[in-house]
Amino acid sequence: MRFQTLFEGRWIFAILALAAAASWFATPWLSLVFLALLLYTFAFFRDPERAVPADPAAVVAAADGIVTDIVEIEEPDSLKSRAQRVGIFLSVFDVHTNRAPIDGRVVYRQHRKGLFLDARRPECSEKNESMTWAFQNPRVTIVVRQLTGAIARRIVGWAQVGDELKKGERFGMIRFGSRTEVYLPLTATVLVKVGDRVAGGSTVIARLPES
């Protein structure tokens, strides 16, 4: 557990702990329900260390979850060009920390207000609340978009524009079920397929061409 990650859930922990204590005197079984929810919340905010591949050509997943789509599409915010988008759906049981897909500087960070549609719906990418990031090094610029879902209502950003991040380093999180998208150059070779489970900061989702 990392303090920074747990800190994002401080009010949830406090409310559940108080509810469990208060209900114990009136209805002990209800107290057990709140305790179970408290334990689940601790599990949700887990943030394990990951083995990050050193290969500079390897692009890692920016989130844990299931690959739901791989499409060629226009990235309108930062790249303003066509890219390969790898969409990752995060269920309420996945680790929700987001990690840098490459070594690079944060050159773009933009929050967009929007809806809270189910993160598995195709239109959520254009309509849901989101935070878009761009990571740049001399070799490539990779865009990552954090998207809220029907349950996830809070996007957290820990990094700032100008920060230099290592591949796999944490830059933010999304609370309680969501979607993360990684926009790759058309020259990159995608190594995952729809249905694959990926681990943020560890699973190689694509390779960049040799420079």
Side-chain angles (χ1 to χ4, degrees), residues 2 4-13 15-16 37 40-41 43-47 60-101 104 106-136 141-163 165 169-184 194 198 200-201 205:
R2 294 174 67 250
Q4 186 177 36
T5 308
L6 289 174
F7 188 72
E8 297 296 339
R10 59 196 181 281
W11 294 113
I12 303 172
F13 296 134
I15 291 168
L16 290 175
L37 289 172
Y40 162 74
T41 305
F44 176 85
F45 283 95
R46 69 195 185 279
D47 191 3
V60 298
D64 287 33
I66 300 292
V67 176
T68 56
D69 57 276
I70 302 170
V71 297
E72 183 179 322
I73 195 169
E74 188 81 10
E75 196 295 298
D77 295 331
S78 176
L79 298 175
K80 302 185 187 301
S81 63
R82 296 194 70 78
Q84 299 180 88
R85 185 185 74 191
V86 178
I88 302 168
F89 174 72
L90 296 76
S91 78
V92 293
F93 300 106
D94 286 310
V95 173
H96 273 58
T97 304
N98 292 115
R99 300 170 185 256
V106 178
V107 294
Y108 183 89
R109 169 183 159 157
Q110 184 65 49
H111 177 259
R112 181 191 71 192
K113 293 184 178 181
L115 303 178
F116 300 98
L117 303 176
D118 187 325
R120 290 166 293 190
R121 292 174 61 174
E123 64 267 33
C124 80
S125 182
E126 288 76 34
K127 296 182 178 181
N128 280 19
E129 183 167 344
S130 67
M131 183 89 80
T132 300
W133 304 75
F135 302 88
Q136 186 178 76
T141 300
I142 303 288
V143 167
V144 176
R145 181 167 294 121
Q146 301 167 292
L147 288 148
T148 60
I151 299 175
R153 297 297 178 98
R154 176 170 166 76
I155 296 174
V156 179
W158 295 322
Q160 302 295 331
V161 171
D163 287 353
L165 300 185
E169 189 172 346
R170 303 162 178 90
F171 66 87
M173 72 176 298
I174 321 171
R175 291 207 316 221
F176 297 116
S178 50
R179 174 181 169 92
T180 297
E181 299 173 343
V182 182
Y183 289 80
L184 304 159
V194 172
V198 296
I205 62 169

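Worth saying up front: this structure is predicted, and the values here are computed from it rather than measured.
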Side chains of [X] and [Y]: closer than 4.5 Å at any heavy-atom pair?
| X | Y | answer |
| --- | --- | --- |
| Tyr183 | Thr141 | no |
| Glu129 | His111 | yes |
| Ser178 | His96 | yes |
| Trp158 | Thr97 | yes |
| Thr132 | Arg112 | no |

So which atom in [X] and which in [Y] form the shortest heavy-atom distance, rounded to 0.1 Å?
| X | Y | value |
| --- | --- | --- |
| Val60 | Ala100 | CG2-O, 3.6 Å |
| Glu181 | Ser125 | OE2-OG, 2.8 Å |
| Ala62 | Thr180 | CB-CG2, 4.0 Å |

I need the [X] [atom1] to [Y] [atom2] distance, nearest 0.5 Å.
| X | Y | atom1 | atom2 | value |
| --- | --- | --- | --- | --- |
| Glu169 | Asp163 | CD | CG | 8.5 Å |
| Ile142 | Gln136 | CD1 | CD | 10.5 Å |
| Lys127 | Thr148 | NZ | OG1 | 13.5 Å |
| Thr68 | Leu90 | OG1 | CG | 10.0 Å |
| Ile88 | Asp94 | CD1 | CG | 10.0 Å |

Glu123: partners by side chain to side chain donor-acceptor pair (under 3.5 Å), with sequence neighbours left out: Arg121
Residues at least two apart in sequence or cross-chain that pass side chain to side chain donor-acceptor pair (under 3.5 Å) with Asn128, listed by chain then number, are none
Would you say Asn98's side chain and Ala63's backbone share a donor-acceptor pair under 3.5 angstrom? no
Between Asp64 and Arg99, does the salt bridge (charged side-chain N to carboxylate O under 4.0 Å, His left out) criterion hold? Intermediate values first, please. CA-CA 9 Å; Asp64 287 33; Arg99 300 170 185 256; 5.4 Å; no
Under the ring pair (Phe, Tyr, Trp, His ring centres under 6.0 Å) test, which residues partner Phe171, sequence neighbours left out? Trp133, Phe135
Residue pairs, two or more places apart or on separate chains, that pass salt bridge (Lys or Arg N to Asp or Glu O under 4.0 Å) and touch residues 66-79: Asp69-Arg85, Asp69-Arg179, Glu72-Arg82, Glu75-Arg145, Asp77-Arg145
What pairs with Gln110 under side-chain contact (heavy atoms from CB on, under 4.5 Å), at least two apart in sequence or on another chain? Tyr108
